[in-house]
*Asks:* 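Structure in structure tokens, see below.
Both ligands and their constituent atoms are indexed starting at 1 by order of listing. Everything quoted here is computed from the prediction, not taken from an experiment.
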Amino acid sequence: DLDMMRRAFDEHDGDVAGVIVEPAMTNGGVIPPLPGYLEGVRALCTEKGAVLIMDEVKIGCRIAPGGATELWGVKGDIVTLAKAIGGGVPVGAFGGKRELMEQISPLGPAVHFGTYNANPLGMAAGLACLTKVMTDETYAEMTRLATRVADGMRHVIKETGTSAYVVQLETLGGIFFGLEEQPNNFREAARNDAARWDDYWFGMLNQGVIPMGSAWFEEWSMSAQHTDEDVDRTLEAFESTLRAIA
Ligand SMILES: Cc1ncc(COP(=O)(O)O)c(C=O)c1O
């Protein structure tokens with residue numbers, strides 16, 4: 001809500017050091033940004049002298065090689081990354097404009113120590129993941145498979161007359177039961193039928209498919225390991241689950 005953000009900036013004029021934004025929300029179901037939203041946040045931060053931090057922990061390296069920054073062309077002053085960039089090994093990273101990064105020791109006053117900083121295993125796994133696994137071909141294949149899943153789910157939803165909305169964001173997606181259109185914020189998303197989502201999730205588990213994270217506010221995502229057979233199996237289980245819970 002850009003108007004609300006501008007009001008918050010005005011109410012705390014000069015006191016706002018920065019704004020942290022998850023460019024596409026993935027902890028309230030999958031909620032892509034409305035057109036113009038990220039550009040508006042960027043412009044406000046620039047106007048007010050606040051640092052814009054793009055939290056790409058969940059979407060960086062997943063929705064595009066350059067994450068949301070590449071997909072929507074809006075640059076933060078700092079970007080945070082984790083999860084997928086480690087290729088299965090726990091890794092976190094952040095980067096940003098030179099003048100900000102130079103604030104960190106040994107160049108600047110801010111200390112950033114940690115037991116696992118630059119951990120050799122994490123760095124080796126991350127490098128291999130980013131340079132050898134996550135190639136352009138891999139992204140294209142993951143997006144193709146994710147599109148198959150999303151289209152297949154929409155087809156089954158229609159066939160079974162289920163009230164549900166499927167969202168796809170490149171290689172990941174989500175499902176909201178009881179909603180017929182894309183929610184644009186958490187409050188709208190929270191109006192979903194969470195009990196029906198539970199039926200879906202356990203129905204899928206009973207058929208040997210873990211369809212996504214373990215709550216309605218999570219997402220499903222394609223990995224470099226998934227194949228057409230996985231998609232077939234998921235869609236078969238989805239169809240029989242929806243028929244069972246309809
Ligand atoms: C969007 C988002 N940002 C940041 C984090 C924080 O990650 P961590 O707990 O590793 O600091 C999470 C955790 O899942 C997250 O979902």
*Asks:* For atom CD of Glu181, is the number of surrounding heavy atoms from other residues, nucleotides or ligands below 6.0 Å larger than 12?
*Replies:* no

*Asks:* Could you tell me if Thr147 and Gln168 have a donor-acceptor pair between their side chains, going purely by distance under 3.5 Å?
*Replies:* yes

*Asks:* I need the nearest protein heavy-atom contact for atom 4 (C) of ligand 1: residue, atom name and distance, please.
*Replies:* Asp55 OD2, 3.4 Å

*Asks:* Given Val57, Val91, Asn27, Thr26, identify the one with the heavy atom nearest to atom 5 (C) of ligand 1.
*Replies:* Val57

*Asks:* From atom 10 (O) of ligand 1, is the closest protein heavy-atom distance below 4.0 Å?
*Replies:* no

*Asks:* Lys58 heavy atoms, cut-off 4.0 Å: which ligand 1 atoms fall inside?
*Replies:* 16 (O)

*Asks:* Can you see which heavy atom on Val89 is nearest to which on Gly122, and at what distance?
*Replies:* CG1-CA, 3.8 Å

*Asks:* For atom 16 (O) of ligand 1, decide whether some protein heavy-atom distance is shorter than 4.0 Å.
*Replies:* yes

*Asks:* Please report the C-alpha distance between Glu22 and Thr26 in whole Å, then the side-chain angles of each, then the deciding distance to 0.1 Å, and finally whether the side chain to side chain donor-acceptor pair (under 3.5 Å) criterion is met.
*Replies:* CA-CA 8 Å; Glu22 198 189 359; Thr26 54; 2.6 Å; yes

*Asks:* Could you tell me which atoms of ligand 1, counted from 1 in the order shown, lie closer than 4.0 angstrom to a heavy atom of Glu22?
*Replies:* 1 (C)

*Asks:* With heavy-atom distances below 4.0 Å as the criterion, list the atoms of ligand 1 near Lys83.
*Replies:* 13 (C), 14 (O)

*Asks:* Could you tell me whether the side chains of Thr227 and Glu229 share a donor-acceptor contact shorter than 3.5 Å?
*Replies:* yes

*Asks:* Around atom NZ of Lys48, are there more than 12 heavy atoms from other residues, nucleotides or ligands closer than 6.0 Å?
*Replies:* yes

